[in-house]
Amino acid sequence: MVTMSESETAADVPAFRYTAAMANEIEPRWQQFWAENGTFHAPNPAGDLADPSHPRAGAPKLHVQDMFPYPSGSGLHVGHPLGYIGTDSYTRFKRMTGFNVLHPMGFDAFGLPAEQYAVQTGTHPRTTTEANVERYRGQLRRLGMAYDERRSFSTTDPEYYRWTQWIFLQVFNSWFDPELRRARPIAELVTEFEEGARTAEKPWSEMSGTERRELIDGHRLAYVSEAPVNWCPGLGTVLANEEVTPDGRSERGNFPVFKRSLRQWKMRITAYGDRLVEDLDVLDWPEPVKQMQRFWIGRSRGAHVGFPMDGDDTVQVFTTRPDTLFGATYMVLAPEHELVDTVVPGAWPAGTKDVWTGGHPTPEAAVAAYRAQAAAKTEEERTAEGKVKTGVFTGAYATNPVNGAKVPVFIADYVLAGYGTGAIMAVPGHDERDWDFAQTFDLPVIRTIETPADHEGVYTGEGAAINSDFLNGLGVTDAKATMISWLEEQGHGKGATTYRLRDWLFSRQRYWGEPFPIVYDETGLPIAVPESMLPVELPDVDDFSPRTFDPNDAESEPETPLSRKKDWVQVELDLGDGLKTYTRETNTMPQWAGSCWYELRYLDPANSDKLVDPANEAYWMGPRGEGDPGGVDLYVGGVEHAVLHLLYARFWHKVLFDLGHVSSFEPFRKLYNQGYIQAYAYRDARGFPVEASEVVERDGKWFHGDEEVAREYGKMGKSLRNVVTPDEMAEQYGADTFRVYEMAMGPLDASRPWDTRAVIGSQRFLQRAYRLVVDEDSGAIRVGDTELDAKTRRVLHRVIDGVRGDMEELRFNTAIAKLIELTNALTPLPAVSREAVEPLVLMMSPFAPHLAEELWRKLGHDDTLAYADFPVADPAQLVAESITYPVQVNGKVKGRVEVAPDTTEDAVRAAALAAVADILAGREPRKVIVVKGKLVSVVV
RNA sequence: GCGGAAGUGGCGGAAUAGGUAGACGCCCAGGUCUUAGGAACCUGUGCUUGCAAAAGCGUGCGGGUUCGAGUCCCGCCUUCCGCACCA
């Protein structure tokens with residue numbers, strides 16, 4: 001879009017006015033200066049990035065990081081860089097206050113879109129990805145980001161994913177010691193078995209080599225298992241639980257997802273459940289994010305209890321309320337529970353109620369029908385039916401171990417196979433779901449918690465135990481503990497903790513991901529590729545797509561793209577037993593893998609011997625003392641990563657910590673969620689989006705041409721035709737104006753609508769600031785060494801003080817408001833004083849770095865201001881010359897008095913009463929309150 | 001249903017410790033300069049009444065505490081986010 005103001009009025013614009021055209025001359029020049037001079041290189045304490053001569057070498061450090069982007073084909077829109085500009089402004093400020101600042105940027109470049117594009121066009125994903133990364137780099141550079149470009153990488157760089165694979169091997173070669181609550185090298189486990197310190201069902205000495213390997217493999221933190229997973233035929237891949245929506249579809253692509261038992265790689269994140277929950281307490285994270293993680297991990301404490309069945313079987317249940325065991329009047333198994341088949345008798349036992357049978361002649365028929373019905377339902381249907389409980393009697397009875405009572409065993413889909421043991425004891429008196437089920441199936445209720453007399457129905461509150469033999473009279477907490485001790489003594493159960501969190505499904509049937517550093521021998525058991533052979537490079541293939549299927553074909557089988565590359569899959573290696581043929585793992589890692597540890601690689605990006613030099617890790621991320629987690633000092637990104645990325649990254653970091661590779665036990669000390677920039681979109685009468693930039697407002701309605709259109713509010717995107725790019729903002733206003741606008745429009749953590757029209761306000765501010773230094777007509781420098789008048793000087797120092805405070809707290813919007821106030825205060829002054837202008841320029845520089853550098857140069861400095869000292873307020877100037885007290889009478893402001901700051905309270909009171917004397921009209925004040933420095937309140 | 005965040009002018013937002021509500025910016029109106037202004041600059045701008053001085057009202061709604069409440073307490077409403085039979 002060509003603005004008319006540019007073309008038609010150019011002749012009238014003074015030659016030295018700060019315009020978009022001037023910004024577009026200034027900005028690339030300074031970007032080049034910074035790049036050529038390595039202005040933003042941050043020195044490491046050790047290795048190839050060490051630089052003892054650097055002005056910040058050995059200074060206190062600050063590691064600030066953004067959640068790096070996936071470089072999509074459509075480039076950045078104005079919403080994407082919001083957080084980046086925020087961290088750039090913050091780190092520029094902190095650098096000027098003396099910190100050695102690490103603020104890097106990289107690219108999360110493995111992922112589905114490049115692969116899908118490759119499938120459609122045949123373009124290699126690497127080609128697409130590299131082009132997109134270059135585009136992103138260009139866009140970010142154009143915004144003047146102060147990154148240390150030597151530390152930038154893509155997760156797709158073989159030299160990067162070499163270390164992703166190396167970490168995978170660390171995980172693979174470890175096991176979790178529950179006693180020490182930490183990961184240990186797998187070799188130590190082998191030793192324990194060899195020496196008999198640890199025993200399996202079969203003595204180690206009697207086991208075959210394969211049996212030993214299977215035993216060990218079963219303890220690894222990365223393991224292959226045949227287990228129910230989320231199979232998505234439409235995508236041709238399996239998905240992690242976290243990638244499946246609540247209605248049972250894929251987060252990407254919205255295809256149906258089916259539970260299938262398949263052999264897949266998993267990571268034993270559940271072993272870290274306790275530490276992942278507990279360590280949240282020491283993190284400086286937004287409470288909602290911690291809450292989401294706590295909920296996702298879903299730790300609950302309770303007990304496993306065995307209910308013996310007729311015959312030899314015992315059903316294990318998990319309960320958080322062992323104190324209510326005496327009230328268990330029936331049991332429920334998940335329809336998929338493995339014991340269902342073995343417990344079903346040939347005929348309905350005596351006393352079977354009609355509602356229990358579902359109208360079927362035999363238990364076998366009833367169970368089969370119910371299972372078929374449950375299997376046919378999607379997760380969505382199962383939960384959509386809400387509280388209507390369905391189920392059927394299995395015909396079997398179990399024995400309540402605490403009192404020997406026979407209780408009927410049902411199957412019902414309100415019990416989930418995937419949680420706890422997939423079986424429950426039902427206590428209808430004190431559990432809402434069990435109550436509902438008991439009502440439907442006419443089952444008895446026994447109260448075991450004293451229930452208020454007037455209470456009807458289920459009671460889930462606290463109370464003393466009743467009808468519970470040795471528990472009677474105990475409160476809930478004591479009753480739980482007593483029951484668990486009893487169960488453990490009697491051998492009927494023991495205290496237990498379960499998690500909602502499942503082990504992390506780690507393999508994907510895709511091409512564009514990190515290959516596993518794993519081969520298989522003739523036993524079919526996995527073998528680690530030696531570290532010396534890393535990276536296992538992703539081979540080129542002809543066909544990038546996994547085999548996809550009819551999205552509803554639940555019985556289809558995954559087929560990976562790499563499996564078709566036969567000459568790659570079969571590999572000759574000498575792994576210690578001479579040259580042998582091995583088969584490569586053909587799954588690839590999920591997209592999360594690369595982002596699980598990138599914060600570490602920024603610290604030492606070119607280190608070819610180690611993931612990161614311990615000296616560099618300790619400096620940038622090490623703990624600050626006992627109990628301190630260490631980690632990135634400030635990590636900024638969207639709240640959408642509250643669970644997945646942040647949980648996986650914490651898990652890997654803890655494994656690396658346990659194995660001694662890092663000194664911090666958390667990756668991100670402080671987390672900050674920036675808001676989203678959204679935008680209005682407009683639809684015509686047919687409901688089609690029209691180009692938002694062409695819509696005009698008239699009389700509170702919106703028109704596209706002559707047609708009235710409807711406005712809506714949502715994400716910026718191609719499909720809504722409301723995209724605004726930073727490139728066009730830079731072109732029309734300059735990058736500095738764009739940066740100032742994004743930071744001024746609201747608090748960083750709030751979401752707000754984009755409004756291109758309002759950008760002009762930021763442009764005017766920069767223009768006024770430029771005008772303070774440079775005469776618009778002649779280009780002459782206007783700044784002189786005249787002293788500031790006392791009043792303006794106080795304004796200056798008040799602003800300096802306020803801006804410093806705002807910057808520390810990331811309150812950029814109010815910092816900019818204060819800078820505008822200062823600029824507006826200087827504008828009408830007859831002489832422009834260096835005393836005020838230099839601090840103004842320095843304080844503007846985090847937001848408008850190009851303009852600030854340009855003005856700094858014009859003010860006579862010959863080097864970058866990036867390492868200049870940020871202004872410090874003179875405390876003497878912060879004391880007001882006089883204080884104006886508003887005077888309230890009965891809570892309403894009725895007058896004002898201006899007094900010297902050191903006026904005594906009595907004098908203020910007297911002056912205030914005099915000021916409102918006519919309002920009081922002779923009435924005697926009942927009370928006079930003087931709040932020092934604030935106001936006077938008179939009550940009559 | 002459970003958990004969390006948030007509701008302030010026409011709009012984005014400010015008020016950091018209970019103390020002058022609306023900083024700063026956009027829009028809008030009037031003006032200066034000008035052939036012109038859709039540039040820049042200046043002035044005004046919460047709502048109602050009023051020529052004005054001024055008065056009344058005002059931070060989602062209803063109560064409460066207080067000399068004083070956007071801020072604290074109780075009860076609601078609305079919006080957004082997360083979870084959703086987790087035993």
Side-chain angles (χ1 to χ4, degrees), chain A residues 3-6 8-10 12-14 17 19 246 286-292 294-296 298 300 302 317-321 324 332 379 382-383 385-389 412-416 418-427 431-434 436-437 498-500 639-640 642-643 697 700 740-741 744-747 749-762 764-765 767-768 771 776 802 805-806 809 811 813-821 824 827-828 884-893 896 925-929 931-940:
Chain A
T3 55
M4 306 222 322
S5 58
E6 259 175 63
E8 290 184 14
T9 66
D12 300 358
V13 173
R17 172 167 292 170
T19 59
E287 202 52 44
V289 175
K290 290 190 186 183
Q291 206 50 43
M292 279 190 250
R294 282 192 195 103
F295 189 86
W296 192 263
S300 25
V317 304
F318 175 73
T319 178
T320 55
R321 295 297 302 274
T324 62
V332 185
E379 293 276 323
R382 257 168 92 145
T383 52
E385 287 159 26
K387 292 219 157 59
V388 182
K389 296 284 180 289
D413 64 6
Y414 84 91
V415 173
L416 309 174
Y419 182 78
T421 60
I424 63 159
M425 64 174 207
V427 184
D431 182 282
E432 203 165 325
R433 297 149 302 181
D434 296 344
D436 293 341
F437 190 86
T498 63
Y499 304 87
R500 211 185 80 101
V639 73
E640 74 272 21
V643 176
E697 184 182 353
V740 168
Y741 174 64
M745 66 195 287
D749 58 359
S751 294
R752 54 265 150 82
W754 178 260
D755 181 11
T756 298
R757 283 188 311 180
V759 177
I760 191 71
S762 301
R764 286 180 190 142
F765 161 49
Q767 218 164 54
R768 284 199 297 276
R771 198 148 45 213
E776 286 195 329
D806 288 343
E809 302 298 322
R811 291 192 302 258
N813 52 330
T814 50
I816 290 171
K818 291 180 177 80
L819 294 173
I820 293 173
E821 283 184 77
N824 293 349
T827 294
T884 302
Y885 283 88
V887 185
Q888 291 182 348
V889 177
N890 286 344
K892 301 210 180 261
V893 178
R896 277 159 225 283
R926 280 198 293 139
K927 203 171 181 183
V928 179
I929 299 147
V931 184
K932 189 141 180 58
K934 293 291 184 181
L935 58 53
V936 181
S937 185
V938 181
V939 187
V940 295

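Below, chain A is the first sequence line, B the second, and so on; all start at residue 1. Atom set for the values below is all heavy atoms of this structure, side chains included, hydrogens, waters and symmetry mates excluded.
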query: Roughly how far apart, to the nearest Å, are B/rA23 and B/rC47 at atom P?
result: 13 Å

- line: The reported gap from OH in A/Tyr741 to CZ in A/Phe765 (rounded to nearest 0.5 angstrom) is 15.5 Å

Minimum-distance nucleotide (side-chain atoms of A/Pro288 versus B/rA5, B/rC83, B/rC85): B/rA5

message: Surrounding NZ of A/Lys934 (heavy atoms of other residues, nucleotides or ligands, distance under 6.0 Å), is the total greater than 12?
response: no

query: Taking atom P in both B/rG63 and B/rG12, what distance in whole Å separates the two?
result: 28 Å

- request: Quick one: label A/Glu776 by what it contacts on the DNA or RNA (base, sugar-phosphate, nothing), any heavy atom closer than 4.0 Å.
  value: nothing

- request: Figure out the CD/C1' separation between A/Gln291 and B/rA5, and round it to whole Å.
  value: 13 Å

B/rC28 to B/rC76 separation - C1' atoms, rounded to the nearest Å: 37 Å

- request: Can you label the angle between the A/Phe437 ring and the A/Tyr414 ring as parallel, tilted or perpendicular, going by 30° and 60°?
  value: tilted

- request: Answer yes if the side chains of A/Gln767 and A/Arg764 hold a donor-acceptor pair under 3.5 Å, and no otherwise.
  value: no

- prompt: Out of B/rU16, B/rC42, B/rC85, which has the shortest distance to the side chain of A/Asp413?
  reply: B/rC85

- line: Rounded to the nearest 0.5 angstrom, the CE-CZ distance for A/Met425 and A/Arg321 is 8.5 Å

Could you write out each protein N or O paired with an N or O of nucleotides 26-29 of chain B at a distance under 3.5 Å?
unit_1 : atom_1 : unit_2   : atom_2 : d
B/rC26 : OP1    : A/Arg764 : NH1    : 2.4

message: For A/Asn824, give me all partners under side-chain hydrogen bond (donor to acceptor under 3.5 Å, both in side chains), at least two apart in sequence or on another chain.
response: A/Arg768

- prompt: Using atom P of each nucleotide, how far apart are B/rA15 and B/rA54 to the nearest Å?
  reply: 30 Å

message: Using atom P in both nucleotides, what's the gap between B/rU45 and B/rG62 to the nearest angstrom?
response: 29 Å

message: When the C1' atoms of B/rG46 and B/rU20 are compared, how many Å lie between them, rounded to an integer?
response: 15 Å

message: Is it the case that the side chain of A/Arg752 and the backbone of A/Pro747 share a donor-acceptor pair, with hydrogens and angles ignored and the cut-off at 3.5 Å?
response: yes

message: Please determine whether a side-chain nitrogen or oxygen atom of A/Arg752 lies at a distance below 4.0 Å from atom OP1 or OP2 of B/rC11.
response: no

- request: Could you check how far OH of A/Tyr414 sits from P of B/rC85, rounded to whole Å?
  value: 13 Å

- prompt: With sugar-phosphate meaning primed atoms plus P, OP1 and OP2, does A/Phe318 contact a base, only sugar-phosphate, or nothing at under 4.0 Å between heavy atoms?
  reply: base

query: Which listed nucleotide (B/rC83, B/rA5, B/rA87) is nearest to the side chain of A/Asp431?
result: B/rA87

field: Watson-Crick or G-U stems of RNA chain B, 3 or more pairs, under 3.5 Å, by first number
entry: B:1-7 with B:77-83, B:10-12 with B:24-26, B:28-32 with B:40-44, B:46-49 with B:54-57, B:60-64 with B:72-76

Just the table, please: protein N/O against nucleotides 65-68 of chain B N/O, every pair under 3.5 Å.
unit_1 : atom_1 : unit_2   : atom_2 : d
B/rC67 : OP1    : A/Lys927 : NZ     : 3.1
B/rC67 : O2     : A/Ser937 : OG     : 2.7

message: Can you tell me how far apart CD1 (A/Ile760) and CG (A/Asp755) are? Round to the nearest 0.5 Å.
response: 12.0 Å

field: Atom pair distance, as rounded to whole Å: CD in A/Glu640 and P in B/rG4
entry: 22 Å

query: How would you label the contact of A/Ser300 with the nucleic acid (heavy atoms, under 4.0 Å): base, sugar-phosphate, or nothing?
result: sugar-phosphate

query: What nucleotide, of B/rA87, B/rG4, B/rU20, holds the atom closest to the side chain of A/Pro886?
result: B/rU20

- request: Check the pair A/Met292, A/Trp296 against side-chain contact (heavy atoms from CB on, under 4.5 Å), reporting the backbone distance first and the verdict last.
  value: CA-CA 6 Å; A/Met292 279 190 250; A/Trp296 192 263; over 6 Å; no

query: Which label fits B/rG9, syn or anti, where anti is any glycosidic angle not within 90° of 0?
result: syn

Return the polar atom pairs (N/O with N/O) between nucleotides 22-24 of chain B and the protein under 3.5 Å, or none.
unit_1 : atom_1 : unit_2   : atom_2 : d
B/rA23 : O2'    : A/Glu821 : OE2    : 3.2

Donor-acceptor contacts under 3.5 Å from residues 813-820 of chain A side chains, at least two apart:
unit_1   : atom_1 : unit_2   : atom_2 : d
A/Thr814 : OG1    : A/Asp806 : OD1    : 3.4
A/Thr814 : OG1    : A/Asp806 : OD2    : 3.1
A/Thr814 : OG1    : A/Arg811 : O      : 3.1
A/Lys818 : NZ     : A/Asp806 : OD2    : 2.7

A/Arg771 side-chain N/O to B/rC41 phosphate OP1/OP2 under 4.0 Å: yes

query: Between B/rC42 and B/rA5, how far is it from one P atom to the other, in whole Å?
result: 43 Å

task: Rounded to the nearest angstrom, tell me the gap between atom NZ in A/Lys934 and atom C1' in B/rU16.
output: 10 Å

- prompt: When we call it a touch if two heavy atoms are under 4.0 Å apart, what does A/Pro286 touch: a base, just sugar-phosphate, or nothing?
  reply: nothing

